[in-house]
Structure formats: C-alpha cells, structure tokens
Amino acid sequence: MPPSADTAMAATVQQAKNWRRHIHRNPELQFAEHETAEFIAQRLQSFGLSPSRGLAETGIAAVIEGDGRPGPSIALRAEMDALPIEEKSNLPYRSRNPGVMHACGHDGHMAMLLAAASLLAARRNFPGRVVVIFQAAEEFGGGAKRMIDEGLLTEFPFDRVFSLHNMPGEAPGSLMTRTGPIMAAATSWDLVIEGKGAHAGWPHLGIDSISVAAEFIQGCNAIIARRADPISGATISPTRISGGNSHNTLPEEIRIGGTLRTLDNTLTGFIIARMHDLAAGLARSHGCGVKFTPHPGYPVTVNDAVSVAQAMQAANALVGASNSSDRVEPKLGTEDFAYMLRERPGAYVFIGAGDIPPLHSNRYDFNDDILETGIGFLTELVRASTTE
C-alpha cells in the first residue's frame, strides 16, 4: 500500500521496522524466548499495558480495554520462536546466535502486533477489548496448546481470535484467507523393518528389508491414490531412509521416516490405520519384523466463516477487493494456531510478502515493506470485528 498520510502510523511503522530487526538479530528457539519476551513485555508496558508472563514458559498476553462501550473480546496472536537454522546472509542485522534464525517471519509478525497494540492502546476507539497474545513455540513445541492448557482462555477470555502470517511469492501487501481448512494436520511417522541379513549373491538365504521398504513406500502411494478421496488434500511423504553399510550384503534393518499431511482430521485417522494394516501385511507376507509408529502433530487449522467475513471486511477497507481474497488455496504446511481455533472461532490470514526467499530458507528475511499493511490490517480488524 502507498505510504500513509497518518503521521502516527508512519512513526509506528518506522518503530516496527527497528523492533523487527532487533528481534531478527536476537532469535531464540521454542520455550527459550526469554530475551524476546522481555523485549516485548517492556514495549507493552511502555504503551501503558500490563503484560502477563509465564504461560508456556515465555508466552505473553495483555489486555487493551476499549472506550467503555460493551462489545466482544477480540484476540490477536503472533508467534515468538525462531528456527534451528544457520543464517546465510550478509544483513547488518543478521542473527548473532549461531544455528538459530528467524526464517519464518515471526520477527515481522511480532513487530506488526506490537505496533498494532501501540496504536490500539493510544486510541482505544473501539468497544469491548482486545487481547494481544505473543505465543511461544509455534514451530515445534505446540505452544498454543500449552498456553491454553495452562489457562490462557480462563485468564484472558476472548470471543474470536485472529493471526496473520506472511507468504512469500504472493503480491506484497495482499491479504488472503478462506473459510474452512487453511493449513494441514501433520503426523510424522517411523517404520523399522527387521529382515535377515545375507550375502547379496545368495539373497534367498535372507529377508530383504530393502525390498520390504520399497513395497511399503509404494503401498503408501496406493493408499493416497486409491483409498483416499482424490480431492481430499492428503499426501504421505517418506523423507528419510537408512540402513546397510556394504555393497554386497543385504542389510538386516531398514528405517524409514516421513510425514502425513491432510486437510481433514478424520481422514488422518483413516490413513494412519491403513498404514498400520500395510505394515502388518508386509510383516506377514515376508516373515520379517515391521514396527510402524505414528507421532500425531498439529491438527487441521480451520477458519470460521463469520471471522473470515470480518477479516475480508477489514482487508477490503484497507487494500481493496483487487488485493484481497477469501478463496486462497489451503496449504499443506501446519500451524499450531489450530489449537486456538479448536477452542474459539477465528481466522488465519496470509499477507503477501513478495518475491523473497521461501519460508524456512537460510536466506529468508521478512519484507519490511509490508509492515504498514499488516499493522493497518490488525487495527482495522478490531474495528471490523467489534462492529455489529
């Protein structure tokens, strides 16, 4: 969007840029975001707010009361954790913590939410109240669920909840969402095959665990192609395989690992059951040991229709209908915001980040040019969500 004529917004955007780069320079992993939490808490206090700390170790929540008119309680959430990735850039604010970097844009999300909180706290021109949530451990630790389990909804009750995430490859500053599933459920899995080692010249004397592994992988492809609805949005991806240390010996053990992604929690259970059946069938037919172990991850992120309509009202008011959409295709990445949306209606929204490296790249850097749009969207969202 073009530079704002609102001088308060212009100053806030510059502040947000400075905050974002400070956070980028000082990334921290899940449940260890102590310096990040301290930085956020100090900023919130400077806005006249009283941040609460300690949910999920480092999570922060604060309440911004409106103008006294009765109204709903709207929550806005941003993630705090970085990734275990070594940054490969020459940025003046590159990570100074070896092996850790903000490669997913959480630094930008925090900066936008901080900036929105500063404007909302200064203006308070809305009914009801706003709860700002800075969540620990989105990437791996399920910090959203832990914050809920430790009393987030009791201590900071809210009626709806929204979260904004940048999306490289989409037009910078565009806003996109959809009703229903928007991010996938993930289940990682491991398979151990115990065959019988033998000389490669006499394979009939052994049990070829590599052949069993190949059958399992092909069988997984058949589950997706022939047992799941073709338009269901499911995929099984083997992502690692290991075993053997010789060119002329059949290995006794093969290990495979991978991930299952679906856009339907019920379908996840169905596919996992079929993978169990496949593993058991291979064990019987080959006379080998096969152990299949699923590891449930985040559930499907599901947007509520009313919340999407409110998000689109805010997006259209801010960037216009030509730069916003409620028909974005769902993604097969995962998001622990799903846990919050299981408890309360809300919406997960993408903001286009332009032509920058992809998320989780070691050369990724949040696009500061979209800060103003993100801040404006969050503040406009409060208005749209509190207007009857």
Side-chain angles (χ1 to χ4, degrees), residues 29-30 83-86 88 99 103-104 139-142 183-228 230 232-265 267-300 331-336 358-362:
L29 297 177
Q30 68 273 10
L83 283 156
I85 295 174
E86 183 71 31
K88 300 293 185 183
C104 200
E139 294 288 355
F140 302 113
M183 298 289 280
T187 302
S188 59
W189 52 267
D190 288 292
L191 184 79
V192 180
I193 301 167
E194 293 287 349
K196 181 180 178 182
H199 191 286
W202 294 272
H204 60 292
L205 300 179
I207 298 175
D208 185 0
S209 56
I210 291 180
S211 294
V212 178
E215 286 190 46
F216 181 80
I217 292 171
Q218 291 302 314
C220 286
N221 291 337
I223 290 172
I224 297 298
R226 291 294 178 263
R227 301 300 301 277
S232 63
T235 182
I236 302 173
S237 296
T239 56
R240 65 186 183 190
I241 185 168
S242 62
N245 54 20
S246 170
H247 285 83
N248 66 349
T249 304
L250 301 182
E252 183 166 305
E253 180 182 281
I254 292 290
R255 292 177 175 266
I256 313 173
T259 182
L260 163 66
R261 304 294 173 103
T262 78
L263 294 169
D264 183 311
N265 292 319
L267 181 60
T268 296
F270 173 82
I271 292 176
I272 289 296
R274 301 293 76 73
M275 293 174 77
H276 271 294
D277 292 345
L278 175 61
L282 290 171
R284 288 193 299 271
S285 62
H286 289 277
C288 62
V290 180
K291 182 180 180 182
F292 174 72
T293 307
H295 311 285
Y298 300 162
V300 180
K331 313 298 181 186
L332 290 184
T334 64
E335 176 48 81
D336 81 341
L359 302 176
H360 293 210
S361 163
N362 58 13

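All values derive from a computational prediction rather than experimental measurement. What's counted below: heavy atoms across the whole structure, side chains too, no hydrogens, waters or symmetry copies. Count residues from 1 along the sequence.
For Pro84, the side chain to side chain contact (heavy atoms under 4.5 Å, CB included) criterion is met by Leu29, Phe140, not counting sequence neighbours. Taking Leu191 as the reference, Trp189, Ile193, Phe216, Ile256, Ala279, Val290, Phe292 meet the side chain to side chain contact (heavy atoms under 4.5 Å, CB included) condition, with sequence neighbours excluded. Residues that satisfy the side chain to side chain contact (heavy atoms under 4.5 Å, CB included) test with Asn265, not counting sequence neighbours, are Ala185, Pro299, Val300. By the ring-ring contact (aromatic ring centres under 6.0 Å, His included) test, His295 pairs with no residue at all, sequence neighbours left out. Partners of His360 under the ring-ring contact (aromatic ring centres under 6.0 Å, His included) rule, at least two apart in sequence or in another chain, do not exist in this structure.
Considering all non-hydrogen atoms of both residues, Ala103 and Ser361 come closest at CB-O, 3.6 Å. Across Ile224 and Ala234, no two heavy atoms sit closer than the pair CG2-O, 3.6 Å. For Leu263 against Lys331, the heavy-atom pair with the smallest separation is CD2-O, 4.0 Å. The shortest non-hydrogen separation linking Asp190 to Gly257 is OD1-CA, 3.9 Å. Between Leu359 and Cys104, the closest heavy-atom pair is CD2-O, 3.7 Å. The nearest pair of heavy atoms linking Pro294 to Thr187 is CB-CG2, 4.0 Å.
Residues Pro251 and Ile210 are in side-chain contact: their nearest non-hydrogen atoms beyond the backbone lie under 4.5 Å apart. At a threshold of 4.5 Å between non-hydrogen side-chain atoms, the residues Ile236 and Met275 count as touching. Using a 4.5 Å cut-off on side-chain heavy atoms (C-beta onward), Cys288 and Ile207 make contact. Inter-residue side-chain proximity for Arg240 and Arg255 is flagged as unmet; no heavy-atom pair is nearer than 4.5 Å. Ser209 has its side chain out of reach of Lys196: every pair of non-hydrogen atoms, C-beta onward, lies at least 4.5 Å apart. Counting heavy atoms from C-beta on, the side chains of Leu260 and Thr262 come closer than 4.5 Å. Using a 4.5 Å heavy-atom cutoff, the side chains of Asp264 and Thr268 are not in contact.
A donor-acceptor pair is defined here as one N or O able to donate and one able to accept, closer than 3.5 Å; such a pair exists between the side chain of Tyr298 and the backbone of Gly142. Put simply, the side chain of Ser232 never gets that close to the backbone of Ala228: no donor and acceptor are under 3.5 Å apart. Glu86 places a side-chain N or O within 3.5 Å of a backbone atom of Gly99 that can act as its donor or acceptor partner.
Using modelled atom types, one finds a donor on one side chain and an acceptor on the other under 3.5 Å when comparing Asn248 with Ser246. At a cut-off of 3.5 Å, with distance as the only test, a side-chain donor of Thr259 or Arg261 sits close to an acceptor on the other residue.
Of the inter-residue distances, the one linking Gln218 atom CD with Ile223 atom CD1 reads 12.0 Å to the nearest 0.5 angstrom. Remark: Leu250 CG to Ser211 OG distance equals 8.0 Å, nearest 0.5 Å. Atoms CZ and CG, from Arg227 and Leu267 in turn, are 11.5 Å apart once rounded to the nearest 0.5 Å. The structure places CD of Glu139 at 8.0 Å from OG1 of Thr334, a figure rounded to the nearest 0.5 Å. Summarising the geometry, atom NZ belonging to Lys291 is positioned 10.0 Å from atom CD belonging to Glu194; distances are rounded to the nearest 0.5 Å.
Contacts classified as salt bridge (Lys or Arg N to Asp or Glu O under 4.0 Å) and involving residues 271-282 (residues at least two apart or in different chains) are given here: Arg274-Asp277.
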